[in-house]
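Chain letters run A, B, ... following the sequence lines, proteins first, then strands; residues in each count from 1. These figures come from a predicted structure and were not determined experimentally.
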Protein chains: 2
Amino acid sequence: MKASQGVEWGLHLCMLLAFAEPHQTVDATSLAEYHELPLPYLRKILQALTRAGVLESVAGPTGGYRLARSADQITFLDIFSAVEGDQNAFRCTEIRQKGPTGLDQKCYPAACAIAATVWAAEQAWRDHLAGVSLFDITDGLTALAPPGQHELAITWLTKHTRA
Amino acid sequence: MKASQGVEWGLHLCMLLAFAEPHQTVDATSLAEYHELPLPYLRKILQALTRAGVLESVAGPTGGYRLARSADQITFLDIFSAVEGDQNAFRCTEIRQKGPTGLDQKCYPAACAIAATVWAAEQAWRDHLAGVSLFDITDGLTALAPPGQHELAITWLTKHTRA
DNA sequence: GGTAATGTGGATATGATATATCCACATTAT
DNA sequence: ATAATGTGGATATATCATATCCACATTACC
């Protein structure tokens with residue numbers, strides 16, 4: 001089981017944008033350079049985050065991306081779901097209904113107990129991700145002893161943000 | 001993010017074997033027929049479960065597979081890890097160290113806060129899976145109103161188990 | 001000891017999906 | 001009008017899950 005690279009990119013880039021001033025945007029090219037990511041594919045990730053309502057996009061010469069709401073209102077689950085989709089990782093194909101002991105479909109009113117158990121575990125995972133916001137991390141980072149990377153990030157942002 | 005089919009197969013087949021008498025084995029061909037699974041690939045899954053110590057294999061004409069220990073000592077996590085491996089789904093590639101604000105590697109004594117957060121969520125998921133054993137499910141199934149599928153399974157087992 | 005039935009491990013083929021790229025178009029500041 | 005930007009579709013490539021086969025080791029039975 002493997003999460004896509006885009007999740008890591010999305011989390012780090014949203015974290016970066018959380019340090020920017022509200023309403024200011026950063027263009028995709030700058031974002032790609034910041035973490036040395038392939039620009040064409042990164043655009044897909046940014047579009048997914050925009051469609052999901054995590055980011056806002058602004059077209060035009062001074063356009064770019066910014067958080068769609070305040071950092072404390074964006075959770076890790078929001079970003080994860082935006083990139084990966086919200087399908088369960090475990091897919092029940094109802095193999096219990098197959099084979100020599102399989103019964104007619106109407107004999108299975110309740111969900112497969114095995115699938116239900118695994119899905120409950122996935123819910124625990126989602127609950128944890130939903131409990132952490134971008135602000136929770138930025139807040140923790142600024143509490144670390146300088147010179148921290150977040151200060152470099154803020155300096156970098158002053159050169160790459162547009163009104 | 002997607003879990004492999006083998007996990008579903010492993011869970012259902014271990015559940016089936018939990019209904020068998022201790023020391024009795026079921027051969028791979030019968031197991032494949034029970035859920036209409038492709039035999040050659042199923043063998044790989046059974047081998048993985050055996051390597052991980054979830055199942056025991058017996059070679060020879062009356063050979064086959066059986067649980068390596070009692071059903072209450074085998075958790076969903078045991079089976080999941082046996083098939084999927086124990087790597088984290090989220091892979092941190094340390095993109096924080098790359099780009100214009102990247103620092104020398106020795107400047108990063110602590111783990112990436114983003115990766116740590118996601119991995120903590122994965123741990124919550126594992127904790128949940130580790131808290132459910134095969135016995136927990138079989139015990140719940142036999143409490144359901146008959147005629148239940150587990151009774152058909154037990155009948156089927158009497159014709160496909162070997163001493 | 002021979003034979004047949006089983007599991008094991010390696011090699012390989014196939015298919016699905018993530019990753020990556022490109023292009024025509026819409027939007028907007030200057 | 002021009003240039004810089006984001007959008008969406010189409011497509012190529014790479015990676016991994018899925019699936020299959022084969023030579024071999026093990027063991028019950030004759």
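Computed from coordinates, the A/L46 CG to D/dG8 P distance equals 13 Å when rounded to whole Å. The distance between atom CD of B/Q47 and atom C1' of C/dG9, rounded to the nearest whole Å, is 6 Å. Atom pair A/R66:CZ and D/dT5:P shows a separation of 16 Å (rounding to whole Å applied). Counting to the nearest Å, the C1' atom of D/dT15 and the CD atom of B/Q87 are 14 Å from each other. Summarising the geometry, the separation between CG on A/D27 and P on D/dA3 is reported as 18 Å, rounded to the nearest angstrom. Between the CZ atom of B/R162 and the C1' atom of C/dG7 there is a distance of 12 Å, given to the nearest Å. Rounded to a whole Å, the CE atom of A/M1 is 22 Å from the P atom of D/dT15.
Side-chain atoms of A/I137 and A/M15, non-hydrogen and from C-beta on, do get closer than 4.5 Å to each other.
Under the 3.5 Å distance criterion, with hydrogens and angles disregarded, no donor-acceptor pair is assigned to the side chains of B/T50 and B/Y65.
Between A/S57 and D/dT7 there is a side-chain polar atom (N or O) within less than 4.0 angstrom of OP1 or OP2.
Between B/D86 and B/R126 no salt bridge is recorded (no basic side-chain N to carboxylate O distance below 4.0 Å).
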**Q.** Per-nucleotide protein contact string for nucleotides 18-28 of chain D (B base, S sugar-phosphate only, - none; heavy atom under 4.0 Å)
**A.** BBB-----BBB
